[in-house]
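Numbering of ligands and ligand atoms starts at 1, following listing order.
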Amino acid sequence: MITRLRQEAGGSGMTSPRARERLVESLRANGIRDERVLEAMRSVPRHLFIDEALASRAYEDTALPIGRGQTISQPWVVARMTEALLEAGACGKVLEIGTGSGYQAAVLSGLVADVYSVERIDELQRAARRRFRALGLRNIHCRHEDGRAGWAEHAPYDGILVTAAASALAPELLNQLSPGGVLVAPVGEPGAQQLVRWSAGGGNWRPEVLGTVSFVPLLGGTA
Ligand code: SAH
């Protein structure tokens, strides 16, 4: 009986709606203000984007391993990057470099028209595709490719999120933004990365530092 009630409540213990609500409250306490973003963080089941063995930690505000040396980003970082796009009005086409588990793309899926997401590790992008299919997220388009040069075929984008860190970004990537578009990316060496938002305006790129973050590196080639 207890088990059935728990299942009906949408999960047991650490993956329950209450665990998600606690996460949302902690995001709010840590400065996430946009209610649309908080609602997306509440509704996307993060425990389905990680290995079952780690599911009990899904609603902790921490990055977790997803295999192949990669991680699902910390929820606060996902929320802040999403907020940084929406604040700038990017709600049409958004490009993500580094699909990973697919969690960031799933959070974006309910907030923007279309998500284009590129991942260099085939095994990870296949697993992410399966999750999108299972959750019925039809506006996420995936590609197995080195995404450092973006995804020109669907450009221009209103927003670009890079979810792996580099010391510099390719000009091709910035050129795939629409006028008024924004690019949000962690920049710098491991241990000293800044989350930066670039806005296009009058032929100049204006950088704005949003905070300190810690991402896995943006690597070349496919695997
Ligand atoms: N957004 C992800 C975070 C994944 S971690 C999530 O929500 O889970 C960063 C991801 O970027 C890793 O999966 C890594 O394989 C990928 N990555 C690194 N360099 C890349 C590149 N050049 N092109 C595409 N993906 C890349």
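Formation of a donor-acceptor pair under 3.5 Å by the Gln193 side chain with backbone atoms of Phe215 is found in this model.
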key: From CA spacing to verdict: salt bridge (charged side-chain N to carboxylate O under 4.0 Å, His left out), Arg68, Glu123   = CA-CA 9 Å; Arg68 305 293 302 262; Glu123 185 186 328; 2.9 Å; yes
key: salt bridge (charged side-chain N to carboxylate O under 4.0 Å, His left out) evaluation trace for Glu83 with Arg80   = CA-CA 5 Å; Glu83 195 173 55; Arg80 188 64 195 103; 3.1 Å; yes
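Under the rule for a ring-ring contact (aromatic ring centres under 6.0 Å, His included), the partners of Trp151 that lie at least two apart in sequence or sit in another chain are Tyr116, His154.
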Note every protein N or O atom lying under 3.5 Å from an N or O atom of ligand 1, pairing the names and giving the distance.
| residue | atom | partner | partner atom | Å |
| --- | --- | --- | --- | --- |
| ligand 1 | 1 (N) | Glu96 | OE2 | 2.9 |
| ligand 1 | 1 (N) | Gly98 | O | 3.0 |
| ligand 1 | 1 (N) | Thr163 | OG1 | 3.1 |
| ligand 1 | 7 (O) | Gln104 | N | 3.0 |
| ligand 1 | 8 (O) | Ser101 | N | 3.1 |
| ligand 1 | 8 (O) | Ser101 | OG | 2.6 |
| ligand 1 | 13 (O) | Glu119 | OE1 | 2.7 |
| ligand 1 | 13 (O) | Glu119 | OE2 | 3.4 |
| ligand 1 | 15 (O) | Glu119 | OE2 | 2.6 |
| ligand 1 | 19 (N) | Leu219 | N | 2.9 |
| ligand 1 | 22 (N) | Asp146 | OD1 | 2.9 |
| ligand 1 | 22 (N) | Leu219 | O | 2.6 |
| ligand 1 | 23 (N) | Gly147 | N | 2.7 |
| ligand 1 | 25 (N) | Arg120 | N | 3.3 |

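Under a 4.0 Å N-O distance rule, the pair Glu96/Arg143 does not qualify as a salt bridge.
Side chains of Thr222 and Asp146: no donor on one and acceptor on the other come within 3.5 Å.
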